[in-house]
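Quick note on labels: first sequence line is chain A, next is B, and so on, each numbered from 1. Just so it is clear, the structure is predicted and the values come from calculations on it, not from any experiment.
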There are 2 protein chains.
Amino acid sequence: MNVGEVAALAGVTVRTLHHYDRIGLLQPSGRTAAGYRQYSPADLDRLHQVLLYRELGFPLEEVATLLDDPSADPAEHLRRQHRLLRDRLERTSAMVAAVEKEMEARAMGISLTPEERFEVFGDWLPEEYAAEAEEKWGGTDAWAQSQQRTRAMSKDDWLRVKAESDDVEARFAAALRSGVPADSEQAMDLAEEHRQQISRNFYDCSPEMHAGLGRMYVEDERFTAYYERVAPGLAQYVSTAVQANAARHA
Amino acid sequence: MNVGEVAALAGVTVRTLHHYDRIGLLQPSGRTAAGYRQYSPADLDRLHQVLLYRELGFPLEEVATLLDDPSADPAEHLRRQHRLLRDRLERTSAMVAAVEKEMEARAMGISLTPEERFEVFGDWLPEEYAAEAEEKWGGTDAWAQSQQRTRAMSKDDWLRVKAESDDVEARFAAALRSGVPADSEQAMDLAEEHRQQISRNFYDCSPEMHAGLGRMYVEDERFTAYYERVAPGLAQYVSTAVQANAARHA
DNA sequence: GCTTGACCCTGACGCGACGTCAGGCCCGAC
DNA sequence: GTCGGGCCTGACGTCGCGTCAGGGTCAAGC
């Protein structure tokens, strides 16, 4: 195969293959009389490895040493790639969860601290700054800001949305008071209503996402506090109902 | 907050913040008399957005236009980020699955085509090259190569491993012949043995991974063919048993 | 009040991984 | 034989910073 074909197959540009050739990362095993690069199956194999490691963020030079290490068999590469990909999967889900949390916080008018927001990034040097920064501007105008931001919605819209969610919360509280089990059909129906309300007014909320939110309601104190202010025990109640409802939809 | 603190909090270098300042992507809202950069909570907020979009692969200039677009409220950013992150999650799982498939193919001595290997990369221009390249060197020495590669294992080791898996396959076939249901305890025990064999000899194979392999045995014709050669109906049988076993372990 | 060490500033150059011409050769189809 | 598409080799440009160099700032301790 010549460069153009390989490039098309692998989804890279010809220039990239030229580059890999020049830096010695992937030298085609042959050339035609006219000097055309000729790639063998083994070359493609190597290219595949290169692209995987590149995708995983390795600098090309390191990729070269990895692949040229004679003491590393292909199975070892696969195991390493597998491990790294799973790490990445985990990190990405953490980021997804963080974004979902932020969305829900906005919807409920709760504002997160900067520390939390950055949590999913750096390579976490914890405490240290946490306390210090908390001091520095823990109780500023964050709420007002958050409120103001939601002003993609008009004030009327916002009031309507607020009324809607107040309504569901009140009915949740009533169910809790009258002893309706949190995993009963009635409670699950309320949860479903809650989910659809979020989807309509804020962001598309799948049952799985909703279950995640449910867990958060009891794990994050601010969300807990939000519901506990409506009625004691409500956070746990809503959490259970929401998760039961998600299980029902699975 | 001054640069050092922000950098530590966000997990970036001071130089990065300098850079973002100069290109106008994130200009701190204030300076001290001595010229020290002073970052406000709103600045941190913006930095957070910047880092998210950057992580998602946007060039900084585009990030700036996104964030400066006055017609885009924060909720829209969250929705977009959420969407992009889920795409990424999907792509990463696809890559994980591809690596697992490759590992299993190696373990079973099956070799994949280059097209398949690259499938998870490019932005897929399908057919077109597929047929052509298949022609070009569909039936080369790939098998021999693959065998040779596994020579991180000595020949003796390989024979032992092969004997082990032949044994389990034979017992699967026997169970199938004597009418033992594929989701019976007996079949699941065989599946579990299969899983542990893989883990011992090739790579750490969780029940979920094993279930994925099980699906592949009936979805990919080459894996199907492998088992069908041992006994007709065995691919489906093993697949069912493996998935049942995985469900039992969940 | 003065030193000291940690932190901050602004250039300015360097680098990795290519993108993007420019100028020219090659090759199969008509 | 010529024409369009593909290939070649420089060589310069770009993006997102890393890495000094040379110099001011700030709080702590003496």
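- At D/dG16, none of the side-chain N or O atoms of B/Tyr20 fall inside 4.0 Å of OP1 or OP2 (strictly under the cut-off).
- Side chains of A/Leu51 and A/Leu47 form a contact here, defined as non-hydrogen atoms less than 4.5 Å apart.
- Counting only residues at least two apart or on different chains, the salt bridge (Lys or Arg N to Asp or Glu O under 4.0 Å) pairs with a member in residues 27-36 of chain A are A/Asp21-A/Arg31.
- Proximity note for A/Arg37 (side chain, C-beta onward) versus C/dC9, D/dC8, D/dT25: the nearest is D/dC8.
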Quick one: which protein N/O atoms are closer than 3.5 Å to N/O atoms of nucleotides 20-24 of chain D? Pair and distance per line, please.
unit_1	atom_1	unit_2	atom_2	d
D/dG24	N2	B/Tyr36	OH	3.1

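- A/Tyr20 pairs with exactly one of A/Arg15, A/Gln27, A/Arg54 by the side chain to side chain donor-acceptor pair (under 3.5 Å) rule, that one being A/Arg54.
- In this structure, CG of B/Asn2 is placed 11 Å from P of D/dC26, rounded to the nearest angstrom.
- Two residues are said to be in side-chain contact when any heavy atoms from C-beta on lie closer than 4.5 Å; B/Leu78 and A/Glu102 meet this criterion.
- Following rounding to the nearest Å, A/Leu17 (CG) and D/dG6 (P) show an atom-to-atom distance of 15 Å.
- D/dC8 atom C1' lies 16 Å from atom CD of A/Gln27, rounded to whole Å.
- A heavy atom lying under 4.0 Å from DNA chain D marks the following residues of residues 52-66 of chain B, by number: B/Arg54, B/Pro59, B/Leu60.
- In this model, the phosphate group of C/dC9 is approached by a side-chain N or O of B/His18 to a distance below 4.0 Å at OP1 or OP2.
- Nearest-nucleotide mapping onto DNA chain C: of A/Thr13 and A/Ala34, the residue sitting toward the 5' end is A/Thr13.
- Between A/Asp21 atom CG and C/dA17 atom P there is a gap of 16 Å when expressed in whole angstrom units.
- Rounded to whole angstrom, the span from the CD atom of B/Glu5 across to the C1' atom of C/dC8 amounts to 12 Å.
- Rounded to a whole Å, the CG atom of B/Leu51 is 13 Å from the C1' atom of D/dG16.
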Run A/Thr65 and A/Asp68 through side-chain hydrogen bond (donor to acceptor under 3.5 Å, both in side chains) and show every step you take. CA-CA 5 Å; A/Thr65 69; A/Asp68 291 338; over 6 Å; no
Apply the test side-chain hydrogen bond (donor to acceptor under 3.5 Å, both in side chains) to residues A/Gln243 and A/Ser239: give CA-CA distance (whole Å), side-chain angles for both, the deciding distance (0.1 Å), then the verdict. CA-CA 6 Å; A/Gln243 292 185 253; A/Ser239 175; 3.2 Å; yes
B/Glu55 vs A/Arg91, salt bridge (Lys or Arg N to Asp or Glu O under 4.0 Å): CA-CA, chis, key distance, verdict: CA-CA 12 Å; B/Glu55 171 99 21; A/Arg91 183 172 146 75; 2.7 Å; yes
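- At a threshold of 4.0 angstrom between heavy atoms, the contacts of B/Arg22 with the nucleic acid are absent.
- Residues A/Leu52 and A/His77 fail the side-chain proximity criterion, which asks for heavy atoms closer than 4.5 Å.
- Within the 4.5 Å cutoff, the side chain of A/Gln81 has heavy atoms near those of the A/Gln49 side chain.
- Protein atom NE2 of A/His19 is 17 Å distant from nucleotide atom P of D/dA11, rounded to whole Å.
- One finds a side-chain N or O of B/Thr16 lying less than 4.0 angstrom from the OP1 or OP2 phosphate oxygen of D/dG18.
- When heavy atoms are screened at a 4.0 angstrom cut-off, B/Thr32 is found touching no nucleic acid atom at all.
- Of the residues listed (A/Arg80, A/His48, A/Glu62), the one engaging A/Tyr53 in a side chain to side chain donor-acceptor pair (under 3.5 Å) is A/Arg80, and it is the only one.
- Following rounding to the nearest Å, A/Gln38 (CD) and C/dC26 (P) show an atom-to-atom distance of 15 Å.
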